[in-house]
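To keep things clear, I will list the structure first and then write my remarks on it.
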Amino acid sequence: MKDKKWMHVTVGVVLVSMLVIGITLIIRTVNSDLVLPELDNELAARGLAIAQENGCIACHTLDGSVGIGPTWLGMYGKTETLMDGTTIVVDEEYILESITRPEAKQVQGFENVMVRYFLPPEDLVALVEFTRQLATPGSE
Ligand code: HEC
């Protein structure tokens, strides 16, 4: 009787370990899907780190695919159509406004789900430089 109890405990431990290993593998696979761009300057690399730390890239993709928000690939310098049908060229000023007051200008086709971010100016500068690096060549 006593032996059986130990067997149950052992089976339990093995099952829990397998679950933990399984989840770890799944998380790894999901993370490895994220292809990060190669950056040729330090400020942009900091911008990428800031975007990761603040969760921006949970909603903004870096590879051109549509996410919860517009992709950042080719965003800088492009002409964006807003909810009211007007257009605006994505420049530094517009990006800064989009981060600090996202409700000010709504991009057409997206939900108004982005919250305001209160980031130090040096982080904002780095974020802008990062998105500039993702611009379509010739449009920045
Ligand atoms: C919860 C999802 C979410 C997160 C997190 C998020 N955003 Fe957004 N963002 C959006 C959506 C949706 C839009 C488009 C609607 C709008 O204009 O607000 C947007 C719009 C933008 C735009 C304008 C894009 C364009 O093509 O005109 C910029 C720039 C931007 N976000 C930057 C950021 C930065 C920087 C962060 C992190 C500090 C961030 N976002 C975090 C959802 C998000």
Side-chain angles (χ1 to χ4, degrees):
M1 220 26 204
K2 225 178 166 197
D3 285 353
K4 260 210 170 146
K5 194 180 164 198
W6 276 112
M7 210 177 86
H8 286 156
V9 172
T10 312
V11 169
V13 168
V14 169
L15 286 179
V16 169
S17 316
M18 280 166 70
L19 194 70
V20 170
I21 293 170
I23 290 174
T24 314
L25 286 178
I26 291 172
I27 290 174
R28 277 214 188 154
T29 323
V30 169
N31 280 345
S32 68
D33 281 353
L34 185 67
V35 181
L36 297 176
E38 276 185 33
L39 301 167
D40 60 21
N41 81 52
E42 216 173 285
L43 189 59
R46 249 176 44 74
L48 169 59
I50 291 160
Q52 288 178 302
E53 283 159 19
N54 287 283
C56 314
I57 54 181
C59 293
H60 297 283
T61 72
L62 308 177
D63 64 0
S65 60
V66 180
I68 296 168
T71 183
W72 283 356
L73 186 68
M75 170 183 74
Y76 198 103
K78 87 181 222 196
T79 302
E80 193 71 271
T81 306
L82 303 178
M83 205 82 108
D84 61 3
T86 58
T87 58
I88 188 161
V89 174
V90 177
D91 58 8
E92 181 161 352
E93 196 188 334
Y94 168 77
I95 291 177
L96 292 177
E97 184 187 60
S98 295
I99 300 170
T100 52
R101 292 195 308 128
E103 71 285 359
K105 294 189 178 68
Q106 286 294 302
V107 183
Q108 201 169 72
F110 292 90
E111 297 289 331
N112 175 16
V113 291
M114 185 173 154
V115 296
R116 290 181 176 195
Y117 283 84
F118 301 92
L119 297 170
E122 60 270 26
D123 285 7
L124 292 172
V125 170
L127 277 169
V128 169
E129 180 55 28
F130 173 56
T131 61
R132 204 196 311 265
Q133 292 267 325
L134 294 176
T136 307
S139 70
E140 73 267 42

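Keep in mind it's a predicted model, so treat the numbers as computed, not measured. This chain uses plain numbering: 1 for the first residue, then up along the sequence. In each ligand, atom 1 is the first atom listed, and ligand 1 is the first ligand listed.
In terms of modelled atom types and a separation under 3.5 Å, the side chain of Asp63 and the main chain of Ser65 share a donor-acceptor contact.
Regarding atom 22 (C) of ligand 1, its nearest protein heavy-atom neighbour is Ser98 CB, 3.6 Å. At the top of the distance list for atom 5 (C) of ligand 1, counting protein heavy atoms only, stands Tyr117 OH, 3.3 Å. The closest protein non-hydrogen atom to atom 26 (O) of ligand 1 is Glu80 OE2, 2.2 Å. Of all protein heavy atoms, the one closest to atom 2 (C) of ligand 1 is Cys59 SG, 1.9 Å. The closest protein non-hydrogen atom to atom 33 (C) of ligand 1 is Met114 CE, 3.3 Å. Ranking protein heavy atoms by distance to atom 27 (O) of ligand 1, first place goes to Tyr94 OH, 2.4 Å. Among all non-hydrogen protein atoms, the one lying nearest atom 17 (O) of ligand 1 is Val107 N, 3.0 Å.
Between Phe130 and Trp72, the two ring planes are perpendicular [angle over 60°; tilted spans 30° to 60°].
Interface of Ile68 with ligand 1, defined as ligand atoms under 4.0 Å from a residue heavy atom, comprises 12 (C). Near Gly69, meaning under 4.0 Å from one of its heavy atoms, ligand 1 places the atoms 10 (C), 11 (C), 12 (C). Numbered from 1 in the order shown, with element, the atoms of ligand 1 that lie under 4.0 Å from a heavy atom of Pro102 read 18 (O). Short contacts between ligand 1 and Trp72, defined as distances under 4.0 Å to a heavy atom of the residue, involve ligand atoms 32 (C), 33 (C), 34 (C), 35 (C). Taking every non-hydrogen atom of Gly55 and a distance limit under 4.0 Å, the qualifying atoms of ligand 1 come out as 5 (C). Of all atoms in ligand 1, listed by their number and element, those nearer than 4.0 Å to a heavy atom of Phe110 are 14 (C), 15 (C). Proximity to Val113 (heavy-atom distance under 4.0 Å) selects the following atoms of ligand 1: 12 (C).
For atom 37 (C) of ligand 1, the nearest non-hydrogen atom from the set Pro70, Cys56, Ala51, Ala104 comes from Cys56. Checking His60, Gln52, Met75 against atom 21 (C) of ligand 1, the nearest heavy atom belongs to His60. Distances from atom 18 (O) of ligand 1 to the heavy atoms of Glu53, Glu111, Gln108, Gln106 show the closest one on Gln106.
The proximity of Ile99 to ligand 1, defined as any non-hydrogen pair under 4.0 Å, is limited to the side chain. Within the 4.0 Å heavy-atom criterion, the part of Lys105 lying near ligand 1 is the backbone and not the side chain.
Leu15 is not connected to Met7 by any chain of hydrophobic side-chain contacts under 4.5 Å among Ile, Leu, Val, Met, Phe, Trp and Tyr, and they are in different clusters. One hydrophobic cluster holds both Ile57 and Ile99 under the rule that ILVMFWY side chains link at heavy-atom gaps under 4.5 Å. Val107 and Val66 fall within a single hydrophobic cluster, where Ile, Leu, Val, Met, Phe, Trp and Tyr are joined by side-chain heavy atoms under 4.5 Å apart, directly or via other members. Leu96 and Leu43 are members of different hydrophobic clusters when ILVMFWY side chains are connected at heavy-atom separations under 4.5 Å.
Minimum heavy-atom separation, Thr100 to Pro102: C-CD, 3.6 Å.
In summary, of the residues considered (Leu134, Thr131, Leu39, Leu127), a side-chain contact (heavy atoms from CB on, under 4.5 Å) with Leu48 occurs for Leu39 alone.
Atom CD in Gln106 sits 10.0 Å away from atom CG in Asp84 (nearest 0.5 Å).
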- Check step by step if side chain to side chain contact (heavy atoms under 4.5 Å, CB included) holds for Glu92 and Tyr76. CA-CA 8 Å; Glu92 181 161 352; Tyr76 198 103; 4.0 Å; yes

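Within 6.0 Å of CD in Glu103 there are more than 12 heavy atoms belonging to other residues, nucleotides or ligands. Heavy atoms of other residues, nucleotides or ligands lying less than 6.0 angstrom from CD of Gln108 number more than 12.
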